Amino acid sequence: MNSEPSQRVLHEAASRGLRALAADERCRSAFTAPGSVLQDILSPAARRYVLAADRDEFLGHLAALREKSYGITVEFVGEENSDPAQIEQVVQEYLSVLAHDPVPGQLGFDLSNVGLTVSRELALENSARIVEAAAAKGCEVVLSMERSPAVDAVLGVYRDLAERYENVGITLQAHLYRSEQDIAAVARPGRRVRLVKGAFQEPADVALGRGPALDARYLRFAEQLVDAGVRLSLATQDPEMLAQAKASGLLSRVDEIEMLHGVRPSLLREYREAGFACRIYATYGENWWLHLLHRLAEHPPMVLTALADLADQGERTVGAGY
């Protein structure tokens, strides 16, 4: 009998390892330390997923993606920020993006990057500043979801914002056992919901692990959400799930397919060319440790690509593969 693990089992184990590495405080401290060697070494790999370090360069790159008829979501990377000056810098970054012409169609951010680590009240105040400015420019804002202990706070801020603004949406994680109830609570006709599998390593009694059961759960939740009339962003890079969604007719009912920049661009191009609305979730900034590790965890074979990027540090063509 062959005792070698299947490719899927190996990939799922590698994904768990990458997520654990992303959350390791020793690595995160080493990454944020002044003159970080870790950041310097890994930056060539991060450039595949993080379009630029600064705003002006990033906004200039977006034209190449817009020209190919993709929707674009903009995020200034970072989370779990507790420094008041840095929190205000994040808010100002989003307000500056909204002052740019053309205005992006959608913004995304973690509440922990705009004050939730300090207090719920600060997160609500700062996110309301961004959402209100975005509403004035016809721009949508979709709040990201965070680790399980923060879900109630994130949903609470979302509910408060949704009572005041029509342009705010929410991300839900299919792997959390509680998400069945959360769907019932937030699914409202015309509202934006972004459905992801879930990026964080969670305890077994809190979340379902990667595998066929989670895939089935994800697709079932997607059906429930579109049946409720929400504008659903099917946020996944999983080709098997997308194929199932297409075969069942679900893909024709969702508002759009969303993928993270740099992860399987040819797959997203395939669906765009087939006539489906497609969105690229694009990021910029320097606080990209979690973002890089989570992107590799989405598709562990990309670790080989990351290692190749370390060896070949030449300029990349923005939009290549899309």
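Just the heavy atoms: all of them, side chains too, but no hydrogens, waters or symmetry mates, feed the values below. Computed from a predicted structure; not experimentally measured.
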Notebook entry, point to check: Got a salt bridge between R269 and E273, using NZ or NE/NH1/NH2 to carboxylate O under 4.0 Å?
Noted result: yes
Quiz question: by atom type and distance under 3.5 Å, do the side chains of T32 and R28 form a donor-acceptor pair? no
Item to check | Centroid-centroid under 6.0 Å between F76 and Y284 rings | outcome: yes
Margin query: For Y218 together with H175, are the ring centres under 6.0 Å from each other?
Written below: no
For H11 and H299, take the angle between the two ring planes, folded into 0 to 90°, and tell me which bin it lands in: parallel under 30, tilted 30 to 60, perpendicular over 60. perpendicular
Less than 3.5 Å apart, any donor N or O on the side chain of T283 or E75 sitting next to an acceptor on the other? no
Heavy-atom nearest pair, L290 first then A22, reads CD2-O, 3.0 Å
Correct closest heavy-atom pair for V103 and C139 would be CG1-CB, 4.1 Å
Quick test of your reading of the model: are E270 and R264 salt-bridged, counting only N-O distances below 4.0 Å?
no
*asked:* If you define the side chain from C-beta out and look only at heavy atoms, does anything of R220 sit under 4.5 Å from E180?
replied: yes
Any idea how F31 and W288 line up, ring-wise: parallel (<30°), tilted (30 to 60°), or perpendicular (>60°)? perpendicular
Hey, does D110 have a side-chain heavy atom less than 4.5 Å from the side chain of V154? no
- Item | Salt-bridge contact R253-E223 (side-chain N to carboxylate O under 4.0 Å) | yes
If you define the side chain from C-beta out and look only at heavy atoms, does anything of R48 sit under 4.5 Å from M302? yes
**Message:** Assess whether a salt bridge exists between R231 and E140, defined as any Lys/Arg side-chain N lying under 4.0 Å from an Asp/Glu carboxylate O.
**Reply:** yes
Checking E80 against S112: is there a side-chain donor and acceptor pair closer than 3.5 Å?
no
(message) Does this structure show an ion pair linking R8 with E12, if we count only N-O contacts that are shorter than 4.0 Å?
(response) yes
Heavy-atom closest pair (V157 atom, S127 atom, distance to 0.1 Å) is CG1-OG, 3.8 Å
For A282 and L62, the nearest pair of non-hydrogen atoms, with its separation, is CB-CD2, 4.2 Å
Between E93 and Q89, does the side chain to side chain donor-acceptor pair (under 3.5 Å) criterion hold? Intermediate values first, please.
CA-CA 6 Å; E93 277 294 330; Q89 178 194 356; 4.7 Å; no
Determine whether the side chains of Y70 and R279 contain a donor N or O and an acceptor N or O closer than 3.5 Å. no
Closest non-hydrogen atoms of C278 and R272, given as atom of the first, atom of the second and distance, are SG-N, 3.5 Å
Checklist entry - Going by atom types only, do T171 and R194 share a side-chain donor-acceptor pair under 3.5 Å? => result yes
Worksheet item: Within a reach of under 6.0 Å around CD of E240, are more than 12 heavy atoms found that belong to other residues, nucleotides or ligands?
Response: no
Report task. Would you please indicate if the ring centroids of H294 and F200 are separated by under 6.0 Å? Result -> yes
Could you verify whether a donor N or O on one side chain and an acceptor N or O on the other, from S233 and E258, lie under 3.5 Å apart? no
side-chain contact (heavy atoms from CB on, under 4.5 Å) with Q106: of I72, V74, V141, V142, only one passes, and it is V142
Look at R210 together with D215 and state whether they make a salt bridge at an N to O cut-off of under 4.0 Å. no
